[in-house]
Each structure stands twice: as C-alpha cells, then as structure tokens.
Amino acid sequence: MDVAPEIPGLRSMTLPTKPDCPFKYTFTTVSTSDEPPSHTILVVFVNGLGLPQASWQPTLQLLQADLAASPSPLPLPSTGTKYVVHAVTYDRYGQGLSQPQHGAKPAPHDMLDAAQDLSAFIDGIKSGHLPGNKNVRMFLVAHSIGVPLARLFIERYPGSVAALLALDSNMANNDFVSLFPDPESPSFDPQRDLPSDTTLDQLRAARQFAQVMFHPAAPNGENLDRSTLPTLLPLRDGPVIVGDGDGKLLLQVAGHDPETFAVESLKVSPRGLTERYVQPAWEKYNEGLLSIAGEPTGRKVIIAPGCGHFIQKNNPRFVADEVIAMLKTLCGGRA
C-alpha cells in the first residue's frame with residue numbers, strides 16, 4: 001500500500017520525544033515574495049496509516065507550479081501584508097522512512113504520543129528553518145487517521161493552527177466492525193438486514209476484515225496504539241477547537257467519492273454492504289466534523305471526484321486546488 005519513497009530534498013531531524021529515531025521530512029518553499037514577508041504560512045501534511053509522506057509529492061509539485069505562475073493565484077491583500085508559504089511533509093515515528101535506529105522495532109505509542117511528537121516536530125521546523133519568525137500561521141492538511149491526530153494536536157495546543165483541511169477522516173468514535181449488523185445477534189433479521197447482493201458468509205467476512213484492518217485495537221506497522229481513540233474523541237461534532245488569531249479555525253472537510261469508494265470496496269465486501277452501512281455512517285461523520293470549527297453556517301462537506309479513501313493518491317490536483325483556495329482565504333482574499 002505504501003508508495004515508493006522517491007522524495008527530493010529529504011532531511012532528518014531528531015526529536016527530544018523520540019531521541020532514538022531520526023524523523024525524515026521535507027521542507028519546501030512553495031510561494032515567495034519579492035519583498036520581505038511580514039507573515040509566513042506553514043503547511044504541514046499529516047499522514048494517514050496507509051500512505052507515508054511520499055504520497056504528498058504530486059500535490060507539492062502542483063502547488064509549487066501553481067504558486068510560481070504569473071500571476072500567482074494568491075491575492076495581494078489591500079493591507080499590504082506579504083506572505084511566504086512553506087510546506088512540510090514527514091513520516092511519523094515508526095512510519096515510512098522514520099524508523100528506530102539499529103533495526104529496532106517501533107516501541108508501543110499512542111495517539112497522544114503522536115500529537116506530542118507533532119508538536120516537537122513543528123517546534124524543530126520553526127527553530128531550524130524559521131528562526132526568529134514570530135508571525136507563522138500553521139495550516140494542517142490531514143488524511144484519514146491524520147485528521148484525529150490533527151484534532152488532538154489542536155485541542156492540546158489551542159490557538160496554534162489557522163486552518164485544517166480534513167481529507168476523508170478516520171471515524172474516530174467507531175470501531176468499524178459495528179457498522180455492519182451482527183448475524184449472530186438474536187435481533188438479526190436476514191430479510192431486513194442483509195442486502196440482496198450479500199450472503200451471510202460475506203457479511204461475516206466483511207466484519208472479520210474490519211476487525212483485522214480497521215478496528216482501533218488492530219495492530220499496524222507503526223505500532224501506533226489507536227485503542228483509546230474512541231475515548232479521546234467520542235464526538236464527531238466536538239469539542240469546538242480554537243484557531244489562531246480571532247479564535248476561528250478555517251476548516252474544510254472533504255469526503256471520498258461514493259461511487260469510486262463502492263467500487264474499491266468490492267475487493268473486501270459486496271456493494272450493498274458498503275452502500276447501506278458504511279457510506280451513510282461516513283457521510284454523517286463528515287457532516288459532524290463541520291461543527292468542530294463552530295457553527296457550520298455556510299460550510300459543507302465537499303466530495304473529491306473520482307477518489308476512494310486515498311484522496312491525495314487518487315487526485316492530487318483536487319488536494320492542491322483546495323489547499324490554494326484555503327491559502328487565498330488565509331492571505332486575505334476570497335476562496
């Protein structure tokens with residue numbers, strides 16, 4: 001599932017939280033100003049479990065090309081404020097290229113550890129690449145499990161983030177298995193609960209696959225313990241998280257294309273199970289996420305066309321366009 005780690009400009013950083021594991025990352029300037037900038041926007045890409053930082057490279061290349069174009073898509077605010085935009089990708093502890101030294105296995109760690117690592121990593125970026133810059137606005141672009149990680153980070157460091165683009169968030173308050181009806185339950189009614197294209201054995205197989213792959217207690221290559229996630233983030237629509245400046249977080253929530261997702265899901269379950277049980281739950285979760293930035297008046301979930309769960313892999317153009325639209329807003333223009 002991982003993409004090949006062909007990453008130009010790869011760098012290394014040792015964090016105080018993980019001294020035995022050099023974190024591999026990139027730092028790319030994607031938009032510059034002819035005049036000294038008065039504000040800096042730092043775009044940090046936060047991975048899901050399935051794809052490491054290399055998956056953001058096509059999006060980064062598009063961002064660089066678009067923002068280097070003349071005229072730039074970013075506005076020139078009437079205030080005269082000048083912005084420079086940097087983008088950062090990284091692999092978490094135990095993920096992709098960020099592996100413990102001497103071939104050791106990643107030590108067990110949980111989502112709060114990952115949030116603390118993200119804080120230490122961002123501190124390292126600021127001190128190493130933006131020393132003395134006190135006007136840094138942070139913009140997180142997160143995919144899948146990266147969205148709950150971003151939420152935990154922002155909750156613990158309120159006022160630190162200006163914007164969040166949430167790409168097909170993991171349903172943090174759900175064990176995924178219970179999305180499907182339990183055929184062993186006395187209340188199970190095959191006539192009512194079983195889609196016409198699905199057998200009992202297929203339903204059992206889908207539940208088993210969800211248990212092995214998606215349940216919060218399921219093991220993964222990072223040794224990242226997600227079992228406490230439903231307790232840490234029990235609500236899809238709260239708590240409201242505080243952004244920087246005036247306290248309002250700029251938020252965009254993107255979901256997968258239902259048709260593409262249903263076709264991709266045929267590898268593990270019949271279409272009827274996906275359309276009746278998985279898709280409605282995911283849509284409801286994404287709708288709820290709109291409220292974590294306060295009353296969602298005027299905001300709505302956008303659908304990434306032609307994308308299954310791995311949006312940045314399926315359609316990097318979509319991701320780049322959404323990042324630029326949000327940068328326009330951060331720079332004082334209209335998205």
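None of the values given here were measured: they were computed from a predicted structure.
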Can you name the nearest heavy-atom pair linking [X] to [Y], along with the distance?
X: Asp193; Y: Pro181; answer: O-CG, 3.9 Å
X: Ala142; Y: Leu164; answer: CB-CD1, 4.3 Å
X: Leu330; Y: Ala162; answer: CD2-CB, 3.9 Å
X: Leu232; Y: Met111; answer: CD1-CB, 4.4 Å
X: Arg226; Y: Ile145; answer: CD-CD1, 3.8 Å

Using modelled atom types and a 3.5 Å cut-off, is there a donor and acceptor pairing between side-chain atoms of [X] and backbone atoms of [Y]?
X: Ser185; Y: Asp182; answer: no
X: Asn314; Y: Cys307; answer: no
X: His256; Y: Pro258; answer: no
X: Arg11; Y: Tyr25; answer: no
X: Ser169; Y: Ala166; answer: no
X: Ser98; Y: Lys24; answer: yes
X: Arg92; Y: Gly48; answer: yes
X: Asn315; Y: Pro305; answer: yes
X: Asp244; Y: Gly159; answer: no

- [ ] Output, in order, the C-alpha distance, side-chain angles, deciding distance and verdict of side chain to side chain contact (heavy atoms under 4.5 Å, CB included) for Leu60 and Phe45.
- [x] CA-CA 10 Å; Leu60 271 178; Phe45 291 87; 4.0 Å; yes

Donor on one side chain, acceptor on other, [X] and [Y], under 3.5 Å:
X: Glu222; Y: His109; result: no
X: Thr17; Y: Asp117; result: yes
X: Asp225; Y: Ser227; result: yes
X: Thr228; Y: Asp110; result: no

Would you kindly confirm whether [X] and [Y] end up in one hydrophobic cluster when ILVMFWY residues are joined by side chain heavy atoms under 4.5 Å apart?
X: Leu235; Y: Ile241; result: no
X: Leu112; Y: Ile122; result: yes
X: Met213; Y: Leu229; result: yes
X: Val268; Y: Val263; result: no
X: Val242; Y: Leu152; result: no

Non-hydrogen side-chain atoms of [X] and [Y] separated by less than 4.5 Å:
X: Leu266; Y: Thr274; value: no
X: Leu51; Y: His309; value: no
X: Val44; Y: Phe153; value: no
X: Tyr285; Y: Asn173; value: yes
X: Val301; Y: Glu283; value: no
X: Phe27; Y: Leu130; value: yes
X: Leu140; Y: Leu165; value: no
X: Val46; Y: Val141; value: no

Taking atom [atom1] of [X] and atom [atom2] of [Y], what is their separation to the nearest 0.5 Å?
X: Lys18; Y: Phe23; atom1: NZ; atom2: CZ; answer: 6.0 Å
X: Gln252; Y: Leu289; atom1: CD; atom2: CG; answer: 11.5 Å
X: Ile41; Y: Asn135; atom1: CD1; atom2: CG; answer: 11.5 Å
X: Ser269; Y: Tyr277; atom1: OG; atom2: OH; answer: 12.0 Å
X: Asp123; Y: Leu15; atom1: CG; atom2: CG; answer: 9.5 Å
X: Tyr157; Y: Gln116; atom1: OH; atom2: CD; answer: 5.5 Å

Task: Between His143 and Phe310, ring centroids under 6.0 Å - done: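 Yes, the ring of His143 comes within the 6.0 Å limit of the ring of Phe310, centre to centre.
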
Task: Check: His86 ring centre within less than 6.0 Å of Phe139 ring centre - done: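 Distance test on ring centres: not under 6.0 Å, no.
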
Task: Results of side-chain contact (heavy atoms from CB on, under 4.5 Å) for Phe214 - residues two or more places apart only - done: Phe176, Phe209, Ala210

Open item on the list: I'd like to check the side-chain contact (heavy atoms from CB on, under 4.5 Å) partners of Thr198; sequence neighbours left out, ordered by chain and number.
Closed with: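 Testing Thr198 for side-chain contact (heavy atoms from CB on, under 4.5 Å), a comparison that skips the adjacent residues, returns Leu194, Pro195, Gln202, Leu203, Pro270, Leu273.
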
TODO: Would you check, one step at a time, whether the test salt bridge (Lys or Arg N to Asp or Glu O under 4.0 Å) holds for Asp237 with Lys284?
DONE: CA-CA 10 Å; Asp237 55 358; Lys284 186 175 181 180; over 6 Å; no

Task: Leu42 and its side-chain contact (heavy atoms from CB on, under 4.5 Å) partner, picked from Val85, Val136, Val161 - done: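 Output: one option passes, namely Val136.
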
Task: Member of Ile125, Thr26, Leu97, Leu118 meeting the side-chain contact (heavy atoms from CB on, under 4.5 Å) criterion with Tyr90 - done: Leu118

Open item on the list: What verdict does the side chain to side chain contact (heavy atoms under 4.5 Å, CB included) test give for Met326 and Leu250, after you've listed the backbone C-alpha separation in whole Å, the side-chain angles of each residue and the deciding distance to 0.1 Å?
Closed with: CA-CA 8 Å; Met326 295 178 74; Leu250 177 62; 3.9 Å; yes

TODO: Only counting residues at least two apart or in another chain, list the ones meeting salt bridge (charged side-chain N to carboxylate O under 4.0 Å, His left out) with Asp189.
DONE: none

Task: Residue pairs, two or more places apart or on separate chains, that pass salt bridge (Lys or Arg N to Asp or Glu O under 4.0 Å) and touch residues 152-179 - done: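 Sorted result for residues 152-179: empty, none.
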
- [ ] Please step through side chain to side chain contact (heavy atoms under 4.5 Å, CB included) for the pair Asp66 and Ile324, ending with a clear verdict.
- [x] CA-CA 9 Å; Asp66 291 350; Ile324 289 174; 3.5 Å; yes

- [ ] Apply side chain to side chain donor-acceptor pair (under 3.5 Å) to Asn47 and list each qualifying residue two or more places apart in sequence or on a separate chain.
- [x]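 Once residues adjacent in sequence are excluded, the partners of Asn47 under the side chain to side chain donor-acceptor pair (under 3.5 Å) criterion are Trp56, Asp91, Gln95.
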
Open item on the list: Could you go through Glu259 and Arg271, starting from their C-alpha distance and side-chain angles, then the distance that decides it, and tell me whether this counts as salt bridge (Lys or Arg N to Asp or Glu O under 4.0 Å)?
Closed with: CA-CA 10 Å; Glu259 175 63 25; Arg271 186 174 185 131; 2.4 Å; yes

Using residues 99-107 as the side-chain source, report each donor-acceptor pair under 3.5 Å to any protein atom, sequence neighbours left out, with the distance given to one decimal.
residue: Gln99; atom: NE2; partner: Gly94; partner atom: O; Å: 3.1
residue: Gln99; atom: NE2; partner: Gly96; partner atom: O; Å: 3.1

Open item on the list: Determine whether Arg204 and Asp201 satisfy the following criterion, salt bridge (Lys or Arg N to Asp or Glu O under 4.0 Å), listing intermediate values before the conclusion.
Closed with: CA-CA 5 Å; Arg204 292 187 181 101; Asp201 284 344; 3.4 Å; yes

